[in-house]
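All values below were derived from every heavy atom in this structure, side-chain atoms included, with hydrogens, water molecules and symmetry-related copies excluded. Keep in mind that this is a model prediction, so the values were computed, not measured.
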Amino acid sequence: VQLQASGGGLVQAGGSLRLSCAASGRTFSKNNMGWFRQAPGKEREFVAVISWSGSRTYYADSVKGRFTISRDNAKNTVYLQMNSLKPEDTAVYYCAADGRTYHISNYYDDRNDYDYWGQGTLVTVSS
């Protein structure tokens, strides 16, 4: 099983990026998928999660209104559209998958709730 994150890069403050996370080795169409990020010298933190159906999404307060998580189950891919980027958004972004199917979680913002992780993609926002 592999989660391949892509789409990171260097962008100016106020700009946009779209991250993708393509899964292979198994389907995650019945699983919650999330994005986390880790800035230099900081703990990995929750960014966003989307339920298996796509009907429910949750965001960290720091990105609410600027980031949008979505998924395409036919492509086994989850996306993170990031708009109005700020220098404090600079981090390595990781996608993650909950291994439990149809799981309703109260801990979706806890990295221990996820079983599979991608390798990360670096997002750098210049001021």
Q.
Listing request: all disulfide (SG to SG under 2.5 Å) pairs with a residue in residues 37-89, at least two apart in sequence or in separate chains.
A. none
Q: Identify, with sequence neighbours excluded, every residue that meets side chain to side chain contact (heavy atoms under 4.5 Å, CB included) alongside Glu45.
A: Arg37
Q) In chain order, what residues pass the side chain to side chain donor-acceptor pair (under 3.5 Å) check against Thr121, with sequence neighbours excluded? A)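 If we apply the side chain to side chain donor-acceptor pair (under 3.5 Å) test to Thr121, skipping adjacent residues, there are no hits.
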Q.
I'd like to check the side chain to side chain donor-acceptor pair (under 3.5 Å) partners of Ser126; sequence neighbours left out, ordered by chain and number.
A.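 Not a single residue meets the side chain to side chain donor-acceptor pair (under 3.5 Å) criterion with Ser126.
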Under the ring-ring contact (aromatic ring centres under 6.0 Å, His included) rule, collect the residues that match up with [X], sequence neighbours excluded.
{"X": "Tyr114", "answer": "Phe36"}
{"X": "Tyr102", "answer": "Trp52"}
{"X": "Tyr108", "answer": "Phe46, Tyr58"}

Q) Phe67 versus Asp89: any side-chain heavy-atom pair under 4.5 Å? A) yes
Q.
Just so I know, are the side chains of Phe28 and Val78 near enough to count as touching, which here means a heavy-atom distance under 4.5 Å?
A.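 Result no, sub-4.5 Å side-chain heavy-atom pair not found.
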Q) Do you know the tightest heavy-atom contact between Ala5 and Cys95? A) CB-SG, 4.2 Å
Mind listing the side-chain donor-acceptor pairs of residues 17-25 below 3.5 Å, one per line with the distance, residues two or more places apart or on another chain?
none

Salt bridge (charged side-chain N to carboxylate O under 4.0 Å, His left out) contacts in which one or both residues fall within [range], not counting sequence neighbours:
{"range": "residues 116-127", "value": "none"}
{"range": "residues 102-123", "value": "Glu43-Arg111, Arg100-Asp113"}
{"range": "residues 52-61", "value": "Asp61-Lys64"}

Spacing of [X] atom [atom1] and [Y] atom [atom2] [to the nearest 0.5 Å]:
{"X": "Asn76", "Y": "Thr27", "atom1": "CG", "atom2": "OG1", "value": "4.5 Å"}
{"X": "Ser53", "Y": "Lys30", "atom1": "OG", "atom2": "NZ", "value": "13.5 Å"}
{"X": "Leu122", "Y": "Gln38", "atom1": "CG", "atom2": "CD", "value": "12.0 Å"}
{"X": "Trp35", "Y": "Tyr94", "atom1": "CH2", "atom2": "OH", "value": "12.0 Å"}

Would you give me the side-chain donor-acceptor pairs under 3.5 Å for residues 79-87, sequence neighbours excluded?
residue : atom : partner : partner atom : Å
Gln81   : NE2  : Asn83   : OD1          : 2.9
Asn83   : OD1  : Ser16   : OG           : 2.9

Q: Give the cluster check for Val47 versus Tyr116: same hydrophobic cluster or not, with ILVMFWY residues linked at side-chain heavy-atom distances below 4.5 Å.
A: yes
Q) Side-chain heavy atoms under 4.5 angstrom apart, residues restricted to Ile, Leu, Val, Met, Phe, Trp, Tyr: same cluster for Val92 and Ile69? A)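 Shared cluster, no.
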(Q) Assess the residue pair Asn32 and Arg71 against the criterion (side-chain hydrogen bond (donor to acceptor under 3.5 Å, both in side chains)); give the C-alpha distance rounded to whole Å, side-chain angles, the decisive distance to 0.1 Å, and a yes or no. (A) CA-CA 10 Å; Asn32 300 332; Arg71 66 190 299 161; 5.6 Å; no
